[in-house]
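One structure, pasted below without further comment.
Here is the naming used below: chain letters follow the sequence lines, and residue numbers restart at 1 for every chain. Reckoned from all heavy atoms, side chains included, excluding hydrogens, waters and symmetry mates. Quick caveat: nothing in here was measured; it's all calculated off a predicted structure.
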2 protein chains.
Amino acid sequence: MEVSANSHAVQAAPLPVDLADGVFPAGCPSRTVLDHVTSKWGVLILLALSEGEQRWSDLRRRAEGISEKMLAQTLKTLERDGLVRRDAQPVIPPRVDYSLTERGYELSALLVPLVAWAFENAEDIVNGKR
Amino acid sequence: MEVSANSHAVQAAPLPVDLADGVFPAGCPSRTVLDHVTSKWGVLILLALSEGEQRWSDLRRRAEGISEKMLAQTLKTLERDGLVRRDAQPVIPPRVDYSLTERGYELSALLVPLVAWAFENAEDIVNGKR
DNA sequence: CAGTATCCCCAAGGATACTG
DNA sequence: CAGTATCCTTGGGGATACTG
């Protein structure tokens with residue numbers, strides 16, 4: 001696997017949002033959105049789609065280990081959130097393409113570095129290396 | 001609440017990691033790390049700590065809604081992952097400070113924009129606005 | 001103050017079968 | 001192919017009580 005990223009020490013960025021007390025209020029919409037977006041399968045789907053349009057069966061294969069139920073559920077949630085677009089062709093057998101909306105792309109651009117970081121640091125972390 | 005961030009359309013960034021088939025292998029360490037880091041409470045704790053050292057009781061208050069059990073569990077996981085440092089003073093009553101390690105800061109620098117984005121888009125998303 | 005220890009429950013999510 | 005429907009289990013996680 002090829003890896004290329006900025007692994008030089010990043011200094012703590014000042015919070016762009018004022019979260020003085022309470023990182024987020026308990027019932028806050030941001031919590032919900034964050035939960036959708038950072039959900040186990042949500043991240044994987046969003047990431048897969050960041051490489052371009054994919055069919056249901058592609059996504060099933062690429063998000064290795066996902067069940068049909070969870071794929072359907074995750075896609076619906078992301079679609080409702082306006083992050084994923086569903087394009088169903090009226091043909092037989094059916095063909096459905098999933099892709100990111102503009103907002104979805106915006107998000108994936110933030111997700112990609114995070115996932116790349118996880119990928120790069122995974123070994124050290126699970127092995128307890130500092 | 002004060003907000004300042006780059007909300008102009010971000011174009012799809014090319015994936016820095018080659019994930020040709022399978023976003024991630026099922027048993028992959030990155031999956032584990034990603035799960036820790038993007039867990040419901042993990043994000044909130046990491047974010048709170050990105051503003052500096054905090055005590056147990058601070059964290060409990062700031063991650064509004066968290067139970068003692070989940071706070072303990074989340075902190076332990078993050079500590080094992082080398083993202084959070086625990087500093088216990090041998091005084092009575094006990095005083096324990098939590099802070100980010102260097103790796104933790106590196107991560108939080110990636111998390112902050114994500115959370116900021118969620119915060120900015122939350123309203124539109126839950127209201128179904130495009 | 002900073003946690004542990006227990007009990008307990010519900011719903012997230014897997015497996016399987018079926019369908020337009 | 002692209003899903004839906006159903007059943008069923010497990011463990012995530014809340015509430016509460018206790019402790020050094």
Side-chain angles (χ1 to χ4, degrees), chain A residues 22-27 31-46 48-49 52-81 84-99, chain B residues 22-27 31-46 48-49 52-81 84-99:
Chain A
V23 181
F24 281 113
R31 288 262 191 119
T32 309
V33 172
L34 217 46
D35 283 349
H36 293 179
V37 158
T38 62
S39 73
K40 181 182 173 77
W41 300 115
V43 178
L44 258 31
I45 296 298
L46 254 3
L49 288 178
E53 203 171 57
Q54 317 254 338
R55 302 179 62 173
W56 166 277
S57 43
D58 294 333
L59 291 173
R60 250 222 107 176
R61 230 174 307 110
R62 308 208 35 189
E64 202 179 302
I66 197 171
S67 65
E68 299 195 331
K69 185 182 175 184
M70 288 316 294
L71 180 53
Q73 194 177 112
T74 304
L75 283 173
K76 271 184 183 159
T77 301
L78 295 178
E79 198 192 347
R80 263 190 243 108
D81 287 351
V84 164
R85 177 173 26 246
R86 180 178 184 276
D87 178 29
Q89 258 99 322
V91 296
I92 295 180
R95 176 188 175 109
V96 182
D97 291 305
Y98 290 93
S99 55
Chain B
V23 181
F24 281 114
R31 288 262 189 119
T32 310
V33 172
L34 217 46
D35 283 348
H36 293 178
V37 157
T38 62
S39 72
K40 181 183 172 76
W41 299 115
V43 177
L44 259 31
I45 296 298
L46 253 4
L49 288 178
E53 202 170 58
Q54 316 255 338
R55 302 179 62 174
W56 165 278
S57 43
D58 294 332
L59 291 173
R60 249 220 107 176
R61 229 173 308 110
R62 308 209 37 192
E64 202 179 301
I66 197 172
S67 65
E68 298 196 330
K69 184 181 174 182
M70 288 315 294
L71 179 52
Q73 194 177 113
T74 303
L75 283 173
K76 271 182 183 160
T77 301
L78 296 178
E79 199 192 346
R80 263 189 244 108
D81 288 351
V84 163
R85 179 171 27 246
R86 180 179 185 275
D87 178 31
Q89 257 99 321
V91 296
I92 295 180
R95 175 188 177 109
V96 182
D97 291 306
Y98 291 93
S99 55

- Would you say a side-chain N or O of B:R86 is under 4.0 Å from OP1 or OP2 of C:dG3?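 Looking at the OP1 and OP2 atoms of C:dG3, one of them is under 4.0 Å from a side-chain N or O of B:R86.
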- Task: Take A:P93 and B:G65, find for each the nucleotide of DNA chain D with the closest heavy atom, and name the residue whose nucleotide sits nearer the 5' end.
- Result: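 By nearest-heavy-atom nucleotide position, the 5'-most residue is A:P93.
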- Round to the nearest Å and state the distance from B:W41 atom CH2 to D:dG14 atom C1'.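 Going from B:W41 (CH2) to D:dG14 (C1'), I get 11 Å.
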- Message: Measuring to OP1 and OP2 of C:dC1, would you say a side-chain N or O of B:Y98 lies under 4.0 angstrom away?
- Response: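 The answer is no; no side-chain N or O of B:Y98 sits under 4.0 Å from OP1 or OP2.
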- Task: Whole angstrom is fine here: how far is it from CG in B:L71 over to P in C:dT4?
- Result: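 Those two atoms, CG and P, are 10 Å apart.
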- B:R60 CZ to D:dA15 P: how many Å, rounded?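 Answer to the nearest Å: 9 Å.
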- Has B:R55 got a side-chain N or O lying under 4.0 Å from the OP1 or OP2 atom of C:dC1?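 It does not, given that no N or O in the side chain of B:R55 lies less than 4.0 Å from OP1 or OP2 of C:dC1.
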- Task: Please state how far atom CD in A:E68 lies from atom C1' in D:dT4, giving the value in whole angstrom units.
- Result: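 Atom CD in A:E68 sits about 9 Å away from atom C1' in D:dT4.
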- Of B:Q73 and A:D97, whose nearest nucleotide on DNA chain D comes first from the 5' end?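 Counting from the 5' end, the first nearest nucleotide belongs to A:D97.
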- Item | Smallest separation among heavy atoms of A:R31 and B:A63, with atom names |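 Answer, listing the atom of A:R31 first, then B:A63: NH2-C, 4.2 Å.
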- Message: Determine whether B:L34 and A:V43 satisfy the following criterion, side chain to side chain contact (heavy atoms under 4.5 Å, CB included), listing intermediate values before the conclusion.
- Response: CA-CA 9 Å; B:L34 217 46; A:V43 178; 4.0 Å; yes
- So which one's nearest nucleotide on DNA chain C is more toward 5', A:S67 or A:P94?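 Looking at the nearest nucleotide for each, A:S67 comes out on the 5' side.
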- Take the protein atom NZ of B:K40 and the nucleotide atom P of D:dG13, then report the distance between them rounded to whole Å.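 Distance check: B:K40 NZ to D:dG13 P gives 8 Å.
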- Task: Measure from the side chain of B:K69, starting at C-beta and using heavy atoms only, and say which of D:dA15, C:dG13, D:dG3 lies closest.
- Result: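 My answer, after comparing the listed nucleotides, is D:dA15.
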- Message: Please pick, from C:dG14, C:dA17, D:dG13, the nucleotide with the shortest atom-to-atom distance to any side-chain atom of B:M70.
- Response: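 Taking heavy atoms from C-beta onward, the closest nucleotide is D:dG13.
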- Message: In this structure, how many angstroms lie between the P atom of C:dG3 and the CZ atom of B:R61, rounded?
- Response: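 Distance check: B:R61 CZ to C:dG3 P gives 14 Å.
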- Closest nucleotide among C:dG13, C:dA2, D:dG3 to the B:R95 side chain: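 Output: C:dA2.
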- Message: On a heavy-atom basis, which atom in A:R60 and which in A:I66 lie closest, and how many Å separate them?
- Response: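 Closest approach of A:R60 to A:I66, heavy atoms only: NH2-O, 3.2 Å.
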- Query: Between B:Q54 and B:A48, which heavy-atom pair has the shortest distance, and what is it?
  - Reply: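 Of all heavy-atom pairs spanning B:Q54 and B:A48, the closest is NE2-O, 3.3 Å.
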- For A:Q89 and D:dA2, what is the distance between atoms CD and P respectively, to the nearest whole Å?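 Nearest whole value for this atom pair: 10 Å.
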- Both distances under 3.5 Å, Watson-Crick or G-U wobble: report the partner of D:dA5, or none.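 Base-paired to C:dT16.
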- Measure the shortest side-chain to side-chain distance between A:L49 and A:L59 over non-hydrogen atoms and say whether it is less than 4.5 angstrom.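 They are in contact (side-chain heavy atoms under 4.5 Å apart), so the answer is yes.
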- Message: Just the rounded figure in Å: distance from P of D:dG13 to CG of B:L75.
- Response: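 Going from CG in B:L75 over to P in D:dG13 covers 15 Å.
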- Task: Taking only the side-chain nitrogens and oxygens of A:K76, find out if one of them lies under 4.0 Å from OP1 or OP2 of D:dT4.
- Result: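 Indeed, a polar side-chain atom of A:K76 lies that close.
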